[in-house]
Protein chains: 2
Amino acid sequence: MNSSIPDIQCPPTAGSHTAALDLAEAACRTRGASLTAIRREVLELLYRSPTGVKAYDLLAQIKEARPGASPPTIYRALDFLIEQGLAHKIGRMNLFVACRHASHQIPSLFLVCPKCSGVTELQEQSVMSALSNSLAAAGHRLESPEVEISALCPMCVGAR
Amino acid sequence: MNSSIPDIQCPPTAGSHTAALDLAEAACRTRGASLTAIRREVLELLYRSPTGVKAYDLLAQIKEARPGASPPTIYRALDFLIEQGLAHKIGRMNLFVACRHASHQIPSLFLVCPKCSGVTELQEQSVMSALSNSLAAAGHRLESPEVEISALCPMCVGAR
DNA sequence: AATACAATGTTATAACATTGCATTTCTTAT
DNA sequence: ATAAGAAATGCAATGTTATAACATTGTATT
Ligand SMILES: [Zn+2]
Ligand SMILES: [Zn+2]
Ligand SMILES: [Zn+2]
Ligand SMILES: [Zn+2]
């Protein structure tokens with residue numbers, strides 16, 4: 001029962017997510033992985049965006065500092081970040097988004113707004129336990145910590 | 001090019017699914033839409049597949065009978081079928097699948113097996129009501145009748 | 001016949017993602 | 001310190017998924 005871990009709002013202003021980045025770097029270290037410069041830069045771009053971001057938009061931004069960057073540059077960094085649980089991919093819309101949660105003890109619900117691409121990551125015990133029961137009854141096993149749902153965000157619900 | 005999707009069941013027998021196709025055709029007609037030859041053929045291909053199917057695999061199959069078919073041929077047919085509630089898109093894996101339900105009074109859960117591309121469409125009141133509550137609490141509104149979940153199917157759970 | 005409209009044909013391109021290999025950078029054992 | 005090996009990156013090409021833009025066909029209405 002009970003409510004979700006509160007949303008962490010991301011300040012859209014360009015600025016230092018230094019603390020979060022340093023935490024992420026430390027977390028990678030403890031797992032024997034390393035958050036290199038490129039990976040850290042990509043993660044920072046994700047932190048700065050309150051909405052999901054497209055891979056080629058990330059590429060365009062990274063190119064400003066690294067003109068040689070190419071699609072693999074971005075996709076490799078994203079793969080790494082996803083492996084490390086620092087980012088998620090929203091498959092329906094080919095969007096990537098930073099994870100704002102410390103851990104995924106509970107799989108996350110991603111509410112993706114079809115109007116504005118806003119992404120809200122929720123952790124809802126009630127939904128997930130209902131889901132687990134249904135899956136188990138059907139003989140399936142949840143494989144990904146990510147459940148995507150297309151849902152208008154509060155802003156876009158209002159702007160009707 | 002290629003489908004790595006194993007062709008497990010449902011040997012493609014011409015003329016099968018006639019009853020379901022006729023029903024679909026009638027349903028379209030009552031809505032003022034028409035299930036034309038191309039659309040019907042694409043729907044039949046979807047009916048024949050127990051797994052989700054990729055658009056370009058459909059294209060390859062349709063080309064056997066209609067050599068002139070091109071990507072728009074398929075995507076238009078798929079758009080139509082989805083509009084009419086006769087098919088669904090699994091965004092995470094770029095798969096298309098026939099709808100096996102008469103209606104969508106309750107939004108569906110799609111269990112997509114990441115190993116074999118098998119798709120199971122469930123309608124679970126308990127999950128959906130938990131979900132509705134959470135969404136409402138967060139100020140969101142469910143927009144799509146489709147919730148995708150990556151979950152190993154019973155077969156692939158067993159074959160570990 | 002002229003008009004209107006839905007569907008389809010056709011060509012091209014946009015958008016998204018991966019492969020393969022060469023090179024560089026980082027670790028680690030000696 | 002150095003050499004060997006692993007990890008990461010640069011780079012070119014290719015593969016995959018989806019849509020844009022415009023032309024044509026078929027059918028119904030006027
Ligand atoms: Zn997360
Ligand atoms: Zn929105
Ligand atoms: Zn359905
Ligand atoms: Zn499976």
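Computed over heavy atoms, backbone and side chain alike; hydrogens, waters and symmetry mates excluded. The chains referred to below are lettered A, B, ... by the order of the sequence lines, with proteins before strands, and numbering in each begins at 1.
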Original post:
So which nucleotide from C:dT27, D:dT19, D:dC11 ends up closest to the side chain of A:Arg29?
Top reply: C:dT27
**OP:** Give the rounded distance in Å between these two atoms: CD1 of A:Ile74 and P of D:dC11.
**Re:** 14 Å
Subject >> Per B:Pro72 side chain, nearest of listed nucleotides C:dT10, D:dT17, C:dT8 >> reply: C:dT10
**OP:** State whether the distance check finds a donor on one side and an acceptor on the other, under 3.5 Å, for side chain B:Tyr56 versus base D:dA18.
**Re:** yes
Subject >> Closest to side chain of B:Ser34, choosing from C:dA7, C:dA17, C:dT10 >> reply: C:dA7
**OP:** To the nearest Å, give me how far apart CD (B:Glu83) and P (C:dA6) are.
**Re:** 12 Å
**OP:** Give the rounded distance in Å between these two atoms: CG of A:Asp79 and P of D:dA7.
**Re:** 16 Å
**OP:** Could you check which of C:dT10, D:dG10, C:dA17 has an atom nearest any side-chain atom of A:Tyr75?
**Re:** C:dA17
**OP:** Report which part of the nucleic acid A:Thr36 touches: base, sugar-phosphate, or nothing (heavy-atom distance under 4.0 Å, all strands).
**Re:** sugar-phosphate
Original post:
Can a side chain N or O of A:Arg76 be found less than 4.0 Å away from OP1 or OP2 on D:dG10?
Top reply: no
Original post:
So which nucleotide from D:dT9, C:dG9, C:dA17 ends up closest to the side chain of A:Lys89?
Top reply: C:dA17
Original post:
Tell me, do B:Leu59 and B:Pro71 make a side-chain contact under 4.5 Å, heavy atoms counted?
Top reply: yes
**OP:** Report the distance from atom CZ of A:Arg39 to atom P of D:dG10, rounded to the nearest whole Å.
**Re:** 11 Å
Original post:
Below 4.0 angstrom from OP1 or OP2 of D:dA18, is there any side-chain N or O of B:Asn94?
Top reply: yes
**OP:** Starting from P on D:dT9, measure out to CD1 on A:Ile62 and report it in whole angstrom.
**Re:** 11 Å
Subject >> Between D:dT17 (P) and B:Ile90 (CD1): distance, integer Å >> reply: 15 Å
Original post:
Do you see a donor-acceptor pair shorter than 3.5 Å between the side chains of B:Glu146 and B:Ser108?
Top reply: no
Original post:
Picking from C:dC16, D:dG10, C:dG9, which would you name as closest to the side chain of B:Thr73?
Top reply: C:dG9
Subject >> Donor-acceptor pair between B:Thr36 and B:Ser34 side chains, under 3.5 angstrom >> reply: no
Original post:
Nearest to the side chain of A:Ser70, which nucleotide is it out of C:dC16, C:dA7, D:dC11?
Top reply: D:dC11
Subject >> Rounded distance (Å) that lies between atom P of D:dA8 and atom CG of A:Leu78 >> reply: 15 Å
Original post:
Which nucleotide in the set C:dA17, C:dG20, D:dA18 lies at the smallest distance from any side-chain heavy atom of A:Ala55?
Top reply: C:dA17
Original post:
Once the angle between the rings of A:His104 and A:His88 is folded into 0 to 90°, is it parallel (under 30°), tilted (30 to 60°) or perpendicular (over 60°)?
Top reply: tilted
**OP:** Flag the pair A:His101 / A:Leu122 as yes when at least one side-chain heavy-atom distance between them is below 4.5 Å, and no otherwise.
**Re:** no
**OP:** Return the value, rounded to whole Å, for the distance between atom NZ of A:Lys63 and atom P of D:dG10.
**Re:** 12 Å
Original post:
Is there side-chain contact between B:Met128 and B:Val147, with at least one heavy-atom pair below 4.5 Å?
Top reply: yes
**OP:** Map A:Lys54 and B:Phe80 onto DNA chain C by nearest heavy atom, then report which one ends up closer to the 5' terminus.
**Re:** B:Phe80
